[in-house]
Peer 1: 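Here it is, the structure, as structure tokens.
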Amino acid sequence: MIQFQSKFPDTPTSIFTEMSQLALQHQAINLGQGFADYPMDPVLIQEVTKAMEAGYNQYAPSSGHLILRERLSEKTNKEHGQYFDPDTEITITPGATIALFTVIATFIRPGDEVLYFDPAYDSYQPSVIAVGGVPIAVPLNYPDFTLDMALLKTWITPKTRMIILNTPHNPTGSTVSPAQLLQLHALIRDTNIILMCDEVYEHVIFDNHTHHSPLAQQVLRDRTVSIHSFGKMFNCTGWKTGYIIADKTLTAEIRKVHQNNAFSTFSAVQIAIANYMEDPDTYQRLSVFLQKKRDLLMEALKDSPLKPLPVKGSYFQLYSYADFSTLPEKEFAVWLNKEAGVTGIPLSALTEHFGDHQLIRFCFAKKDGTLEKAAARLRELGRSIQAPR
Ligand code: PMP
Ligand code: GLN
């Protein structure tokens with residue numbers, strides 16, 4: 001029998017896989033995994049068909065089709081006031097998750113420490129472990145999930161090689177301000193620490209807040225790597241297409257890994273997206289659209305024992321069930337799925353430090369009818385459905 005030593009003895013099956021399977025098993029309404037249950041824009045689908053018919057069916061250039069990189073350069077300049085050269089500073093990737101991994105594999109050597117904020121998207125920690133780095137989860141402030149700069153400072157050592165920031169933040173919906181980005185810069189300006197910013201929810205931002213990217217900060221330009229996902233921008237998570245923006249010195253190194261782990265990204269989709277996003281409304285309308293859904297779910301749950309936490313961006317919201325049950329989060333999520341027929345993600349699956357606060361994450365990127373149906377079931381908590389012990 002072949003023997004090997006697992007690099008990931010403590011890494012469970014992804015909570016998203018686990019909860020989606022449970023949802024299917026109990027025919028629950030799935031507000032767990034982050035994907036929309038409404039169709040994407042057929043216009044973009046048509047664009048892909050057109051690109052395929054036009055012959056874009058062989059390998060794309062390794063860094064991506066230039067027309068798309070040019071579009072992204074213009075967009076970044078318009079939104080953040082910084083020019084990134086499409087030739088040397090923008091790279092198209094097969095999704096954001098692989099982009100995150102590529103950047104980690106590019107810069108992290110065995111023993112290097114990578115700081116990220118807890119709670120966190122679940123791919124950061126195993127990606128760092130895969131390349132021999134040391135992942136360190138620095139807790140966000142509780143209960144507003146803002147950055148704790150003083151705490152972060154205590155974790156920065158000569159071994160720190162990278163900080164991963166995610167704004168708007170999954171799973172809490174918190175965001176960072178320009179002042180915080182400048183504080184962060186003050187902490188790392190005399191180091192060689194790379195700042196990798198996961199901005200996949202950049203266009204899902206509510207209540208007239210603005211998304212603040214480190215790309216907008218000239219002082220952070222030479223050390224920032226920014227990660228994006230078209231899956232989130234255009235409601236096609238299954239397409240797994242994204243991109244990386246970074247200064248040319250960093251990009252040159254990132255492309256050495258990218259060309260050997262992916263080489264290139266789905267060709268026709270790139271052409272289609274480049275044509276589609278010529279009209280910025282295709283992604284700018286997302287915030288208003290999703291804010292209505294966030295508000296619909298909150299309103300529909302007003303008479304339930306679930307209490308929403310504030311959310312500034314992303315398509316997730318944490319709800320507290322502390323008034324209803326004392327069960328730990330994972331047990332509660334499993335119970336809720338089975339007994340109420342609604343699936344959510346327990347916060348505990350995405351955190352190392354927070355322990356149990358009776359919080360569950362719901363994804364509101366769902367049809368209005370799905371949200372209404374889920375809310376009707378959740379309003380039965382405390383009525384026909386009694387609290388579990
Ligand atoms: N980062 C965050 C914070 C996410 O929530 C997700 C999941 N959608 C990703 C990255 C991955 O994006 P993609 O599906 O493009 O790999
Ligand atoms: N990002 C999505 C979420 O947080 C899911 C990604 C995945 O399934 N791996 O729900």
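Counting convention: from 1, in listed order, for ligands and their atoms alike.
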Peer 1: Which residue and non-hydrogen atom of the protein lie closest to atom 12 (O) of ligand 1, and at what distance in Å?
Peer 2: A96 CB, 3.4 Å
Peer 1: Could K293 and F289 be counted as a cation-pi pair, given that NZ or CZ must be under 6.0 Å from the ring centre and within 45° of the axis?
Peer 2: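 Because its charged atom sits under 6.0 Å from the ring centre and within 45° of the axis, K293 does stack over F289.
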Peer 1: Tell me: protein heavy atom nearest atom 14 (O) of ligand 1, and distance?
Peer 2: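 Going by distance alone, atom 14 (O) of ligand 1 is nearest to K240 NZ, 3.2 Å.
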Peer 1: Could you tell me, atom by atom, which parts of ligand 1 come under 4.0 Å of a heavy atom of N166?
Peer 2: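 Here the atoms of ligand 1 in question are 3 (C).
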Peer 1: Do me a favour and list the nearest non-hydrogen protein atom to atom 7 (C) of ligand 2 with residue, atom name and distance?
Peer 2: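 Its nearest protein heavy-atom neighbour is F16 CD1, 3.6 Å.
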Peer 1: Check ligand 1 against V200 and write out every atom of the ligand that is under 4.0 Å from a heavy-atom position of the residue.
Peer 2: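 Answer for ligand 1: 1 (N), 2 (C), 3 (C), 4 (C), 10 (C).
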Peer 1: What protein heavy atom lies closest to atom 3 (C) of ligand 1? Include the residue and the distance to one decimal.
Peer 2: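 Result for atom 3 (C) of ligand 1: D198 OD2, 3.3 Å.
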Peer 1: If we set the cut-off at 4.0 Å for heavy atoms, which region of F316 has an atom near ligand 2: side chain, backbone, both, or neither?
Peer 2: side chain
Peer 1: Please compare Y243, Y201, W239 and report which has the shortest non-hydrogen distance to atom 4 (C) of ligand 1.
Peer 2: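 Shortest heavy-atom distance from atom 4 (C) of ligand 1: Y201.
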Peer 1: Which of the numbered atoms in ligand 1 are below 4.0 angstrom from a heavy atom of N170?
Peer 2: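 Counting atoms of ligand 1 from 1, those under 4.0 Å from N170 are 3 (C), 4 (C), 5 (O).
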Peer 1: Is the contact between T97 and ligand 1 made by the side chain, the backbone, both, or neither, using heavy atoms and a 4.0 Å cut-off?
Peer 2: both
Peer 1: Rounded to the nearest 0.5 Å, what separation is found between the OG1 atom of T224 and the CD1 atom of I163?
Peer 2: 10.5 Å
Peer 1: When you check the side-chain N and O atoms of H211 and E199, is any donor under 3.5 Å from an acceptor?
Peer 2: yes
Peer 1: Do K232 and Y315 meet the criterion of a side-chain donor-acceptor pair at a distance under 3.5 Å?
Peer 2: yes
Peer 1: Given P214, which of P178, S226, C197 fulfils the side-chain contact (heavy atoms from CB on, under 4.5 Å) condition?
Peer 2: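 The residue from P178, S226, C197 that satisfies side-chain contact (heavy atoms from CB on, under 4.5 Å) with P214 turns out to be C197.
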Peer 1: Is there a polar contact between ligand 2 and G34, counting only N or O atoms under 3.5 Å apart?
Peer 2: yes
Peer 1: Using only atom types and a distance under 3.5 Å, with no angle test, would you say the side chain of R361 pairs donor to acceptor with the backbone of L350?
Peer 2: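 Looks like no, no N/O pair under 3.5 Å.
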Peer 1: Can you tell me if F35 has over 12 outside heavy atoms packed within less than 6.0 Å of its CZ?
Peer 2: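 Correct, the count exceeds 12.
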Peer 1: For ligand 2, which atoms sit closer than 4.0 Å to a heavy atom of Q33?
Peer 2: 7 (C), 8 (O), 10 (O)
Peer 1: Got the closest protein heavy atom to atom 1 (N) of ligand 2, with its distance?
Peer 2: Y121 CE1, 3.5 Å
Peer 1: Backbone, side chain, both or neither: what part of R361 comes under 4.0 angstrom of ligand 2, heavy atoms only?
Peer 2: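 Under 4.0 Å from ligand 2, R361 contributes side-chain atoms alone.
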Peer 1: So for ligand 2, is S14 a polar contact partner (N or O within less than 3.5 Å, distance only)?
Peer 2: no
Peer 1: Just how far is it from atom CZ of F230 to atom CD1 of I92, taken to the nearest 0.5 Å?
Peer 2: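 Rounded to the nearest 0.5 Å, the CZ-CD1 separation comes to 5.0 Å.
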Peer 1: Where's the contact between T17 and ligand 2, heavy-atom distance under 4.0 Å: side chain, backbone, both or neither?
Peer 2: neither
Peer 1: Can you list the ligand 1 atoms lying under 4.0 Å from a non-hydrogen atom of K232?
Peer 2: 7 (C), 8 (N)
Peer 1: Under 3.5 Å, is there a donor-acceptor pair between the S348 and D356 side chains?
Peer 2: no
Peer 1: What I want to know is whether Y124 and ligand 1 share at least one N or O pair that is separated by under 3.5 angstrom.
Peer 2: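 No, there is no polar N/O contact under 3.5 Å.
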Peer 1: Answer yes or no: does an N/O atom from D122 fall short of 3.5 Å to an N/O atom of ligand 2?
Peer 2: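 It does not: no N or O of D122 is found under 3.5 Å from an N or O of ligand 2.
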Peer 1: For S174 and D144, test the side chains for any donor-to-acceptor distance below 3.5 angstrom and give the result as yes or no.
Peer 2: no
Peer 1: May I ask you to decide if F206's main-chain N or O and R294's side chain share a donor-acceptor pair within less than 3.5 Å?
Peer 2: no
Peer 1: Could you tell me if S213 and E202 have a donor-acceptor pair between their side chains, going purely by distance under 3.5 Å?
Peer 2: no
